[in-house]
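Right, one structure below, let's go through it.
Computation of the quantities below employed the complete heavy-atom set of this structure, encompassing side-chain atoms and omitting hydrogens, waters and symmetry-equivalent molecules. Just so it is clear: chains get the letters A, B, ... in the order the sequence lines come, proteins before strands, and each one is counted from 1.
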Amino acid sequence: MKKGISCIFLILMLLFLYVPVIILAVYSFTDAANIGVIHGFSLENYKYLFTSPELLSMIGGTLLLAVGSAVLATVLGTIGAIGAFYAKTRTGNCVNVVNQVPVVNADVVTGFSICILLIVVMGVDKDSYIPLVIGHVVLSAPFVYLSVMPKLKQMDNSIYEAALDLGATPAQALFKVLVPLLMPGILSGFVMAVTLSLDDYFISTYTKPATFDTISTYVVNATKGSQTDVKTALWALSTLIFLMVIALVVFMNLSSNKDVARGKEGRRSDKI
Amino acid sequence: MNRFRFTRKQLAIPYMVFLLLFVVMPLLVIIYFAFTNGDGQFTIANLITFFTNANTMGTLVYSAAVSVVSTLTCLLLAYPAAYILARGPWKHKSVLMMIFVLPMWINFTLRITALKEMLSVLEENLAYYPFWNTVIGMTYDFLPFMILPIYSTLVKLDDSLLEAAADLGAAPWQIFLKVTLPLSVPGIVSGVMMVFLPSMTNYVVLDMLYNSTYIMGSLIGSYFSADDWHNGSMIALILLTIIFTVSVVAGRYEDENMGNRGGALL
């Protein structure tokens with residue numbers, strides 16, 4: 001009896017979380033312009049999505065930005081964590097505290113403050129993409145730092161020393177010993193950085209060139225506009241992303257790489 | 001030998017420079033802009049404007065209302081869910097939990113689009129219930145972030161404590177109120193933080209659900225569109241103050257080693 005109520009509650013919660021996305025998925029395969037009316041099967045939305053140069057370049061740009069900023073954030077966050085871990089306690093603590101600022105801060109404030117510094121005060125041209133990339137790196141590097149740090153704490157320090165004793169130069173010991181040992185943390189940081197960048201709206205709005213759109217800013221603009229074919233093509237995009245996320249999660253569970261699986265959940269939990 | 005010697009500490013330098021330039025500097029610039037006017041003269045006019053203008057004060061109140069109601073809704077839904085997931089007789093808890101948090105990997109603007117389409121069918125016109133639509137939107141967006149930390153504290157809960165309470169004669173409801181609930185406070189606090197602060201600032205949810213009322217975040221957006229950097233900075237500074245006050249207060253109630261691993265169980 002008690003188990004029955006529990007099950008019903010969980011199912012209701014899952015319905016709340018999934019029904020909107022699934023309805024949108026079903027309607028993305030019809031020629032309906034609105035939810036509610038039953039229409040015939042159609043792949044028109046997917047065809048539009050993959051043939052519209054505007055949508056394709058928007059998606060490509062979003063992915064490029066996500067991967068590019070994630071690479072930068074991963075390099076910076078990783079060396080930052082290694083450096084801070086071995087630095088004097090006071091320096092290390094300082095870095096820890098400042099690193100926490102973008103994590104706790106609201107994205108609106110982070111984006112706006114970077115916009116003021118780079119664009120208003122320093123006069124950097126928005127069209128150079130520099131503010132946008134820096135903004136995304138500021139957003140995600142601290143999370144890379146936070147996911148590498150625990151790996152450093154778990155690591156046996158004598159391995160690095162042994163490498164030096166056996167004649168490795170410090171740089172060799174770093175790249176051949178330290179970095180491979182930290183790889184799980186670095187990888188999960190990278191995945192987190194990619195998802196953070198893909199999900200971001202606020203930092204992009206305040207720092208992006210006027211002609212460039214990420215998925216988030218594009219979707220928000222499209223809701224304000226009245227172009228039906230764009231609107232329904234975005235349903236198709238949402239469905240594709242939904243399916244890819246499911247595939248990714250299944251794949252990660254199968255390959256049981258727990259560290260990568262942490263990816264995004266870490267985000268808000270790290271916000272504290 | 002006066003040659004440059006590489007040590008691991010030196011790796012911190014680029015990251016420190018980066019943090020200094022793009023995290024600390026922007027905050028200093030925000031403070032400077034908040035207390036100056038267009039001519040660069042010191043002024044507290046921006047601060048006074050915010051606290052004496054009926055519109056901005058109304059925004060603060062509305063924003064607080066949205067945040068409080070959304071957070072409570074999330075908590076009321078998430079606590080039982082997390083409890084059932086963590087304490088129930090499930091074989092694959094982590095897989096079940098994964099299903100609950102999977103939606104947050106989908107871009108939030110697309111998720112809100114889906115919600116909007118569904119709500120507009122159910123309600124015919126979204127303009128009838130702007131406040132409640134916003135609460136539903138925030139709940140829909142942030143619910144997994146509330147479930148996750150509560151789940152992680154509950155799943156770690158030591159069973160022997162509950163058994164001891166039962167042996168000492170506590171009724172099930174007493175065990176829950178006096179043992180389980182107090183021990184899950186760190187998770188609740190983390191969850192509340194993850195919902196309360198974003199619901200003050202995520203104005204895209206309101207925009208997309210056609211709620212034209214402002215919350216705190218929308219003020220920054222509108223000053224940004226108007227190129228009013230000084231008033232915008234003042235709002236950013238006020239938000240920063242709220243965020244850091246809440247974080248420091250909440251930090252006291254949080255499990256010391258919770259911070260990093262909300263998702264570690266997956």
Which bit of [X] is near chain A, if near means a heavy-atom gap under 4.5 Å: side chain, backbone, both or neither?
{"X": "B:Leu239", "value": "side chain"}
{"X": "B:Phe33", "value": "side chain"}
{"X": "B:Leu77", "value": "both"}
{"X": "B:Ser233", "value": "both"}
{"X": "B:Ile147", "value": "side chain"}
{"X": "B:Leu115", "value": "both"}
{"X": "B:Val204", "value": "both"}
{"X": "B:Ile112", "value": "neither"}
{"X": "B:Tyr210", "value": "side chain"}

Portion of [X] that has a non-hydrogen atom of chain B nearer than 4.5 angstrom:
{"X": "A:Ile23", "answer": "side chain"}
{"X": "A:Val75", "answer": "neither"}
{"X": "A:Leu24", "answer": "side chain"}
{"X": "A:Ala141", "answer": "both"}
{"X": "A:Phe242", "answer": "both"}
{"X": "A:Val121", "answer": "side chain"}
{"X": "A:Leu118", "answer": "side chain"}
{"X": "A:Cys94", "answer": "neither"}
{"X": "A:Thr91", "answer": "side chain"}
{"X": "A:Leu174", "answer": "side chain"}
{"X": "A:Ile22", "answer": "neither"}

Just verifying a value: how many Å separate [X] [atom1] and [Y] [atom2], rounded to the nearest 0.5 Å?
{"X": "B:Leu27", "Y": "A:Asn105", "atom1": "CG", "atom2": "CG", "answer": "6.5 Å"}
{"X": "A:Phe112", "Y": "B:Ile30", "atom1": "CZ", "atom2": "CD1", "answer": "5.5 Å"}
{"X": "A:Leu76", "Y": "B:Leu11", "atom1": "CG", "atom2": "CG", "answer": "11.0 Å"}
{"X": "A:Ile116", "Y": "B:Leu28", "atom1": "CD1", "atom2": "CG", "answer": "12.5 Å"}

Using a 4.5 angstrom heavy-atom cutoff, name the option from [options] with the most pairs to chain B.
{"options": "A:Val220, A:Val245, A:Ile215, A:Ile246", "answer": "A:Val245"}
{"options": "A:Ala81, A:Gly80, A:Gly92, A:Gly83", "answer": "A:Gly83"}
{"options": "A:Leu237, A:Ile114, A:Ile134", "answer": "A:Ile134"}
{"options": "A:Tyr27, A:Tyr160, A:Phe85", "answer": "A:Tyr160"}
{"options": "A:Leu17, A:Ile241, A:Ile82", "answer": "A:Leu17"}
{"options": "A:Phe9, A:Tyr218, A:Tyr86, A:Trp235", "answer": "A:Tyr86"}

Check whether any side-chain heavy atom of [X] lies under 4.5 Å from a side-chain heavy atom of [Y], and answer yes or no.
{"X": "B:Trp105", "Y": "A:Leu198", "answer": "no"}
{"X": "B:Thr113", "Y": "A:Leu234", "answer": "no"}
{"X": "A:Val21", "Y": "B:Pro103", "answer": "no"}
{"X": "A:Leu10", "Y": "B:Trp90", "answer": "yes"}
{"X": "B:Leu143", "Y": "A:Phe16", "answer": "yes"}
{"X": "A:Lys231", "Y": "B:Glu117", "answer": "yes"}
{"X": "A:Cys115", "Y": "B:Trp229", "answer": "yes"}

Could you check B:Thr201 against A:Phe202 for side-chain contact (heavy atoms from CB on, under 4.5 Å), going step by step and ending with a plain yes or no?
-> CA-CA 10 Å; B:Thr201 52; A:Phe202 293 103; 6.0 Å; no
Between [options], which shows the greatest number of heavy-atom pairs under 4.5 Å with chain A?
{"options": "B:Asp227, B:Val29, B:Ile84", "result": "B:Ile84"}
{"options": "B:Met200, B:Lys9, B:Met118", "result": "B:Lys9"}
{"options": "B:Ile235, B:Leu85, B:Leu240", "result": "B:Leu240"}
{"options": "B:Ile99, B:Val24, B:Leu119", "result": "B:Ile99"}
{"options": "B:Val121, B:Leu96, B:Thr109", "result": "B:Thr109"}
{"options": "B:Gly232, B:Ala78, B:Gly88", "result": "B:Gly232"}

Looking only at heavy atoms, which two atoms of A:Ser113 and B:Pro26 are closest? And how far apart?
->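 Looking at all heavy atoms of both residues, the shortest contact is OG-CB, 3.5 Å.
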Do you know which two heavy atoms are closest between A:Leu117 and B:Leu21, and how far apart they sit?
->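 Of all heavy-atom pairs spanning A:Leu117 and B:Leu21, the closest is CD2-O, 3.4 Å.
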Would you say [X] has more than 12 foreign heavy atoms packed within less than 6.0 Å of its [atom1]?
{"X": "B:Met25", "atom1": "CE", "value": "no"}
{"X": "B:Tyr79", "atom1": "OH", "value": "yes"}
{"X": "A:Phe175", "atom1": "CZ", "value": "no"}
{"X": "A:Met244", "atom1": "CE", "value": "yes"}

Evaluate the ring planes of A:Tyr206 and B:Phe224, with Trp represented by its six-membered ring, and classify them as parallel (under 30°), tilted (30 to 60°) or perpendicular (over 60°).
->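 A:Tyr206 and B:Phe224: perpendicular rings.
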Whether A:Tyr201 and B:Tyr203 hold their rings parallel, tilted or perpendicular, with breakpoints at 30° and 60° |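 Perpendicular: the ring planes of A:Tyr201 and B:Tyr203 meet at over 60°.
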Any side-chain donor-acceptor pair under 3.5 Å between B:Asn107 and A:Ser216?
->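 Indeed, the side chains of B:Asn107 and A:Ser216 share at least one donor-acceptor pair under 3.5 Å.
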Step by step, would you call A:Val137 with B:Phe18 a side-chain contact (heavy atoms from CB on, under 4.5 Å)?
-> CA-CA 10 Å; A:Val137 176; B:Phe18 170 78; 3.5 Å; yes
Start with the C-alpha distance between A:Val95 and B:Leu19, add both sets of side-chain angles, then the distance that settles side-chain contact (heavy atoms from CB on, under 4.5 Å), and finish with yes or no.
-> CA-CA 8 Å; A:Val95 180; B:Leu19 288 179; 4.0 Å; yes
Is the backbone of A:Tyr145 close enough, under 3.5 Å, to the side chain of B:Tyr15 for a donor and an acceptor to pair up by distance?
->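 Checking the backbone N and O of A:Tyr145 against the side chain of B:Tyr15, no donor-acceptor pair under 3.5 Å is found.
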Main-chain N/O of B:Phe108 paired with A:Asp199 side-chain donor or acceptor, under 3.5 Å |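 Such a contact is found between A:Asp199 side chain and B:Phe108 backbone.
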